[in-house]
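Notes follow the structure.
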Amino acid sequence: MQLQHLLGIEPLHPQQIIEILDLADQYANRNRSSSRTSDMLAGCTQINMFFENSTRTQASFEIAGKRLGADVMNMAMQASSIKKGETLIDTALTLNAMHPDLLVVRHPHSGAVDLLAQKVNCAVLNAGDGRHEHPTQALLDALTIRRSKGRLHRLNIAICGDITHSRVARSNLILLGKMENRIRLVGPATLMPAGIGEFGAEVFHNMEEGLKDVDVVMMLRLQRERMDGGFIPSEREYYHRYGLDAAKLSHAKPDAIVMHPGPMNRGVEIDGDIADDLSRSVIQEQVEMGVAVRMAAMDILMRNRRQNRQEAQA
Ligand code: ASP
């Protein structure tokens with residue numbers, strides 16, 4: 001697979017998705033054993049540049065890089081020269097001059113990571129750009145679904161909540177659609193983007209109807225940082241109509257799994273007891289799969305980079 005960067009799910013072929021998931025599956029099993037480190041990325045310099053807050057994603061990229069033996073550097077973007085007016089591209093070019101092998105970038109603007117990838121000569125991995133894409137989240141969600149349902153096709157999957165502002169919804173919609181699942185988008189009309197029907201998903205504004213007989217319930221946080229007005233009447237009202245509780249979940253299949261990319265707002269989009277119910281919730285497994293998927297993605301990108309360099313030298 002000749003992937004140079006991982007900027008989104010959109011350009012991936014279903015076979016490439018399966019290859020990443022297969023390798024991630026192996027890493028997930030290794031991560032549970034005592035021999036979970038390797039020297040796959042020995043000699044590689046990985047720089048994490050997070051221009052937006054992150055807990056899970058940044059921590060798991062750091063752990064993934066370290067488990068593979070990379071030299072990992074976390075740029076403290078709050079303390080960087082961006083604060084002195086330097087542009088994203090100038091910062092990227094400065095770091096590029098230090099010859100990193102991999103930049104892991106999260107940025108509040110959709111498209112910023114693609115732009116950056118065009119300016120540097122190392123591999124770039126999108127860790128979330130605005131409301132555009134979050135490819136490793138969709139891949140870790142896919143791996144979690146495949147491990148708990150035994151397959152990743154012909155499932156009924158409901159993605160619920162703030163669809164408009166969510167890059168997680170977008171990347172998942174693309175990935176799960178490519179794998180031929182039936183996708184439902186459930187949420188208030190104010191949080192449903194115009195033209196969403198083109199993606200081939202069914203749209204519901206009522207949780208009971210939207211969750212009927214689904215295999216997977218994926219809940220999303222209200223992305224307030226990307227809202228520029230009032231999209232919901234109140235959190236209380238939102239929880240009442242769209243928050244996942246036992247009554248609403250009872251409309252899904254009895255073995256339906258509950259997912260959430262985190263961070264969770266308990267009592268807003270999800271009831272705390274549902275989130276903690278390990279017979280339904282795979283939220284902690286999603287976090288675990290995040291490390292494995294990121295190890296697989298970095299492994300593939302670095303292998304391709306080595307191969308391209310060898311070919312260029314030959
Ligand atoms: N952590 C995910 C993201 O970065 C989801 C969220 O923030 O709600 O998009």
Side-chain angles (χ1 to χ4, degrees), residues 6-10 48-64 74 77-78 103-114 116 124-145 157-176 185-188 191-193 216-228 231-232 235 238-239 242-244 258-272 274-275 281-294 297:
L6 181 58
L7 300 174
I9 298 296
E10 185 102 66
N48 296 335
M49 299 166 73
F50 280 67
F51 295 89
E52 245 188 23
N53 295 345
S54 173
T55 305
R56 279 150 290 272
T57 308
Q58 184 165 356
S60 67
F61 268 114
E62 184 173 353
I63 290 174
N74 287 312
M77 298 319 300
Q78 309 300 338
L103 292 181
V104 178
V105 188
R106 168 170 287 188
H107 199 277
H109 293 142
S110 307
V113 185
D114 289 48
L116 188 146
V124 176
L125 225 150
N126 182 2
D129 64 322
R131 58 175 86 173
H132 177 227
E133 281 238 34
H134 192 351
T136 54
Q137 178 71 47
L139 288 161
L140 75 88
D141 289 339
L143 183 60
T144 308
I145 294 172
I157 301 172
I159 307 178
C160 313
D162 181 1
I163 311 294
T164 297
H165 302 99
S166 171
R167 54 195 173 210
V168 175
R170 202 165 176 283
S171 290
N172 264 306
L173 191 54
I174 301 170
L175 190 156
L176 297 167
L185 300 174
V186 191
L191 295 175
M192 213 49 87
V216 177
V217 183
M218 195 180 281
M219 299 308 299
L220 299 171
R221 180 178 66 89
L222 293 170
Q223 313 271 299
R224 292 200 180 278
E225 68 276 30
R226 281 188 267 284
M227 292 184 190
D228 50 11
F231 285 80
I232 56 161
E235 285 189 352
Y238 183 81
Y239 179 67
Y242 295 101
L244 185 68
V258 174
M259 307 180 76
H260 195 304
M264 256 186 299
N265 288 146
R266 290 167 185 256
V268 181
E269 74 273 7
I270 191 164
D271 170 61
I274 297 283
S281 163
V282 293
I283 296 171
Q284 292 309 320
E285 183 156 349
Q286 285 174 271
V287 178
E288 184 186 354
M289 293 309 122
V291 177
V293 155
R294 286 161 185 138

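Counting starts at 1 for both ligands and their atoms, following the listed order. The figures here come from the full heavy-atom set of this structure, side chains too, leaving out hydrogens, waters and symmetry mates.
In terms of heavy-atom proximity, Gly290 sits nearest to Leu140 at CA-CD2, 3.6 Å. Nearest approach of Val186 to Ala158, heavy atoms of both residues: CG2-CB, 4.2 Å. A pairwise comparison of heavy atoms in Leu222 and Met227 identifies CB-CE, 3.9 Å as the closest pair.
Contact atoms of ligand 1 toward Arg106: 4 (O) (distance under 4.0 Å to a heavy atom of the residue). For ligand 1, the atoms sitting less than 4.0 Å from at least one non-hydrogen atom of Arg221 are 6 (C), 7 (O), 8 (O), numbered in the order shown with element in parentheses. Residue-ligand proximity, Val168 to ligand 1, at heavy-atom distances under 4.0 Å covers atoms 2 (C), 5 (C), 9 (O). Annotation for ligand 1: atoms under 4.0 Å from non-hydrogen atoms of His134 are 3 (C), 4 (O), 9 (O).
Polar contact check, Pro263 against ligand 1: no nitrogen or oxygen pair lies under 3.5 Å apart. At least one N/O-N/O distance between Arg167 and ligand 1 falls below 3.5 Å. Geometrically, ligand 1 and Gln137 share no nitrogen or oxygen pair separated by less than 3.5 Å. Taking distance alone, with nitrogen or oxygen atoms compared against 3.5 Å, Gln223 approaches ligand 1 more closely than that limit.
Distance from atom 5 (C) of ligand 1 to its nearest protein heavy atom, with residue and atom name: Gly262 O, 3.3 Å.
Test Met259, Met219, Met264 against Ile283 for side chain to side chain contact (heavy atoms under 4.5 Å, CB included) and you get one pass: Met264.
Legend: residues meeting ring pair (Phe, Tyr, Trp, His ring centres under 6.0 Å) with His132, ordered by chain and number and at least two apart, are absent. Contacts of Tyr238 classified as ring pair (Phe, Tyr, Trp, His ring centres under 6.0 Å), with partners at least two apart in sequence or in another chain: Tyr242.
Neither side chain, His260 nor Arg221, offers a donor N or O lying under 3.5 Å from an acceptor on the other.
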